[in-house]
S.K.: 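My questions all concern the structure below.
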Protein chains: 2
Amino acid sequence: MLRYDDQVKMLVAVDCVVMGFDGQELKLLLIKRGFEPERNKWSLMGGFVRSDESFSRAANRILEELTGLTGIYLEQLHAYGNPDRDPVDRTISVAYFALIDITQYEKQLSNTYDAEWVSLSKVPSLIFDHNRMLRQARKEIKYKAANHPILFELLPEKFTLPQLQMLYEAIYEVEFDRRNFSRKVLSTRLLVKTDEKDKESSKKGAFYYRLDKEEYDNKFRAFLNIIPNPDKVI
Amino acid sequence: MLRYDDQVKMLVAVDCVVMGFDGQELKLLLIKRGFEPERNKWSLMGGFVRSDESFSRAANRILEELTGLTGIYLEQLHAYGNPDRDPVDRTISVAYFALIDITQYEKQLSNTYDAEWVSLSKVPSLIFDHNRMLRQARKEIKYKAANHPILFELLPEKFTLPQLQMLYEAIYEVEFDRRNFSRKVLSTRLLVKTDEKDKESSKKGAFYYRLDKEEYDNKFRAFLNIIPNPDKVI
DNA sequence: GCAAAAGTGTTCGGATTACACCCATGT
DNA sequence: ACATGGGTGTAATCCGAACACTTTTGC
């Protein structure tokens, strides 16, 4: 039997930066770590990769085990491998980020699991290098969302243009012109207007839109340029 | 002593997609693998991560061991972890890509090492998932170079605008308008004109430019938009 | 003189921006 | 009726793309 001799083996973990939007602000899904070291400290959704698993399968499994969430948008972010990132044993971690619609999962979560949504402006100190992962994930999302329609993953199936704009404004921490924003978004042809209106947040009410799934799949990798003055914002 | 029990440990490798430009076309640096399995098959520059090494240190060390190259531009590309990607043992790989100026290293290489430059249009079948890594690296470079000035790593210290344009055209496999290209590039203020001319490739001769190092560091992460019609090309 | 490649200028059109006005509705 | 937020329109501007002409020099 062939073998690679004298090579060091390492533990391989996956950590997921799960972000959500509740209609007002961006939130991060955290969990109280259930084992030593750092038990009861705040942590991203993480776990070890099993012997027969790919990274993405591991990420999906871990997310489901910890939160019950399945079938959500996951993307590999970066691999972290500093020798001292885990004090117990040499552990490398492949970080993923996920974007989800909070409203769809909020109740389900708080009852069954130890996971909790935390406002992005109030994220506590996390274990290991998880704060660094979060920082990089936020940067990557900003970067990517400027050109690609990934943020729709954060919204419910039906959403209004003002809601969409609030989301973009939360990500980029700036305000956009309402009229130019709607024109730009609608010009992508990604959205389909429905007959219904959201009467919650205004008297007039705002029309609900939904994604044109086909167009969305087509243009997922296209350049959209939704953000004004991207080089000033990012 | 604290330990994580019952967790699988894996071998961790680093593989480098090293690309270069010889003034005419893009090339990839390959090596004949020196050990089993797949001995004497073509491979990217790869090796195992040591117990006290970060990924980027490992990548730099491996590149130096195999080619003698030091201090070159390296960027993490993606982590690959399919259970069956290495038939011998469960091995995950963190891929990096590197961009270098071929002319600076060409002779040095061919004498001392087994590494070889291969035209990107004639890349042979590589071991494991290395062809996939190459594909992803090419895509990432296209993507990134459309907005960021990373391609200067592929050129000698002094270069002409026609050379720079040839490089961009090689990457994107399209031809650009000479006049618009030079205006765009010069408007970035990244280049400094020198007094010298390259008289090799034309009768009139083209002025050499060099990078403004300070501006380059400042604008390395800026959006430059050098490529016309990026959504059609990428 | 002429061919070949480099360098500079101009025009046109579409996209982006800034801004004003109208609409629907609950109070 | 009026305040509030949603929807639509328009003029000014900027930037990118297309294109023409001049310059240099080896042959």
Side-chain angles (χ1 to χ4, degrees), chain A residues 23-24 146-147 155 158-170 172 174-210 219 222-234, chain B residues 23-24 145-147 155 158-169 172 174-210 219 222-234:
Chain A
Q24 299 293 321
N147 290 312
L155 292 169
K158 289 179 180 177
F159 53 88
T160 66
L161 290 184
Q163 282 168 11
L164 182 64
Q165 183 169 351
M166 293 250 293
L167 170 57
Y168 272 89
E169 291 178 339
Y172 292 98
V174 287
E175 295 193 351
F176 304 139
D177 183 283
R178 180 169 41 93
R179 299 153 286 194
N180 294 333
F181 182 81
S182 80
R183 202 152 5 94
K184 264 195 180 180
V185 169
L186 292 178
S187 73
T188 65
R189 303 230 161 245
L190 245 48
L191 301 190
V192 181
K193 196 174 188 170
T194 70
D195 297 333
E196 299 169 75
K197 272 192 170 185
D198 164 38
K199 310 276 288 184
E200 299 285 314
S201 48
S202 79
K203 293 165 183 172
K204 183 177 179 181
F207 280 106
Y208 280 116
Y209 288 79
R210 61 173 181 77
K219 294 189 177 164
F223 279 67
L224 295 181
N225 189 23
I226 290 172
I227 307 304
N229 302 314
D231 40 345
K232 284 172 192 154
V233 175
I234 299 179
Chain B
Q24 299 293 321
N147 291 312
L155 292 169
K158 289 177 180 180
F159 52 88
T160 66
L161 290 184
Q163 281 169 10
L164 182 64
Q165 182 170 350
M166 293 249 294
L167 169 57
Y168 272 89
E169 290 178 340
Y172 292 98
V174 288
E175 296 193 351
F176 303 138
D177 183 284
R178 180 170 41 92
R179 303 153 284 195
N180 294 332
F181 183 81
S182 79
R183 203 158 359 97
K184 266 195 182 182
V185 169
L186 293 177
S187 74
T188 64
R189 302 229 160 245
L190 246 48
L191 301 189
V192 181
K193 196 175 188 170
T194 70
D195 297 334
E196 299 169 74
K197 272 192 169 185
D198 164 38
K199 309 278 288 186
E200 299 286 313
S201 49
S202 79
K203 292 165 183 172
K204 183 177 179 182
F207 279 106
Y208 280 115
Y209 288 79
R210 61 174 180 76
K219 294 189 176 162
F223 279 68
L224 295 182
N225 190 22
I226 290 172
I227 308 303
N229 301 317
D231 42 344
K232 284 174 193 153
V233 175
I234 299 179

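Chain letters run A, B, ... following the sequence lines, proteins first and then strands; every chain starts at 1. Given the structure is predicted, the values throughout are model-derived calculations rather than measurements.
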S.K.: Could you tell me how far apart A/Arg179 (CZ) and C/dC22 (P) are, to the nearest whole angstrom?
M.R.: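 Between P of C/dC22 and CZ of A/Arg179: 14 Å.
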
S.K.: To the side chain of A/Phe207, which of D/dG7, C/dG7, D/dC19 is closest?
M.R.: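 Per side-chain heavy atoms of A/Phe207, the pick is D/dG7.
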
S.K.: Rounded to the nearest Å, what distance is computed from the NZ atom of residue A/Lys203 to the C1' atom of nucleotide D/dA1?
M.R.: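 After rounding, the reported distance stands at 12 Å.
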
S.K.: Identify the two heavy atoms, one from B/Leu161 and one from B/Ser182, that lie closest to each other, and give their separation to 0.1 Å.
M.R.: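 Shortest heavy-atom contact: CD1-CB, 3.7 Å.
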
S.K.: Roughly how many Å is it from NZ in B/Lys184 to P in C/dG7, rounded to a whole number?
M.R.: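 Interatomic distance, NZ of B/Lys184 to P of C/dG7: 19 Å.
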
S.K.: Quick check for you: to the nearest 0.5 Å, what is the distance between B/Phe207 atom CZ and B/Lys193 atom NZ?
M.R.: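 The NZ atom of B/Lys193 is 5.0 Å from CZ of B/Phe207, to the nearest 0.5 Å.
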
S.K.: Look at the side chain of A/Ala206 and decide which nucleotide, out of D/dG6, D/dT8, D/dA18, has an atom nearest to it.
M.R.: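 The listed nucleotide nearest to A/Ala206's side chain is D/dG6.
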
S.K.: Could you tell me how far apart B/Asp177 (CG) and C/dG7 (P) are, to the nearest whole angstrom?
M.R.: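 The distance from CG of B/Asp177 to P of C/dG7 comes to 14 Å, rounded to the nearest Å.
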
S.K.: Send over the distance from B/Leu164 CG to C/dA6 C1', rounded to a whole Å.
M.R.: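 Value for this atom pair: 15 Å.
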
S.K.: Starting from P on D/dG6, measure out to CD on A/Gln165 and report it in whole angstrom.
M.R.: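 One finds 9 Å between P of D/dG6 and CD of A/Gln165, rounded.
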
S.K.: Counting side-chain heavy atoms from CB outward, which of D/dG16, C/dG7, C/dA24 is closest to B/Lys204?
M.R.: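 From the listed options, C/dG7 comes nearest.
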
S.K.: Below 3.5 Å, does any donor atom in the side chain of A/Arg178 face an acceptor in the base of D/dG7, or the other way round?
M.R.: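 Yes, the side chain and the base share a sub-3.5 Å donor-acceptor pair.
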
S.K.: Describe, in one word, how the ring planes of B/Tyr172 and B/Phe176 are oriented to each other, choosing from parallel (under 30°), tilted (30 to 60°) and perpendicular (over 60°).
M.R.: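 Ring orientation, 0 to 90° scale: tilted.
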
S.K.: Can you confirm whether B/Tyr209 sits close enough to B/Leu155 that some side-chain heavy atom of one is under 4.5 Å from a side-chain heavy atom of the other?
M.R.: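 No, too far: nothing below the 4.5 Å cut-off.
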
S.K.: Just compare C/dT16, C/dA6, D/dA17 and give me whichever is closest to any side-chain atom of B/Arg183.
M.R.: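 Output: D/dA17.
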
S.K.: May I have the distance from A/Leu186 (atom CG) to D/dT8 (atom C1'), rounded to whole angstrom?
M.R.: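 Distance, rounded to whole Å: 11 Å.
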
S.K.: State which of D/dG26, D/dT10, D/dA17 makes the closest approach to the side chain of B/Lys199.
M.R.: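 The listed nucleotide nearest to B/Lys199's side chain is D/dG26.
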
S.K.: Quickly work out the A/Asn180 CG to D/dA11 C1' distance and round it to whole Å.
M.R.: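 After rounding, the reported distance stands at 13 Å.
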
S.K.: Out of curiosity, B/Glu169 CD to B/Leu164 CG, how far, rounded to the nearest 0.5 Å?
M.R.: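 One gets 10.0 Å once the value is rounded to the nearest 0.5 Å.
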
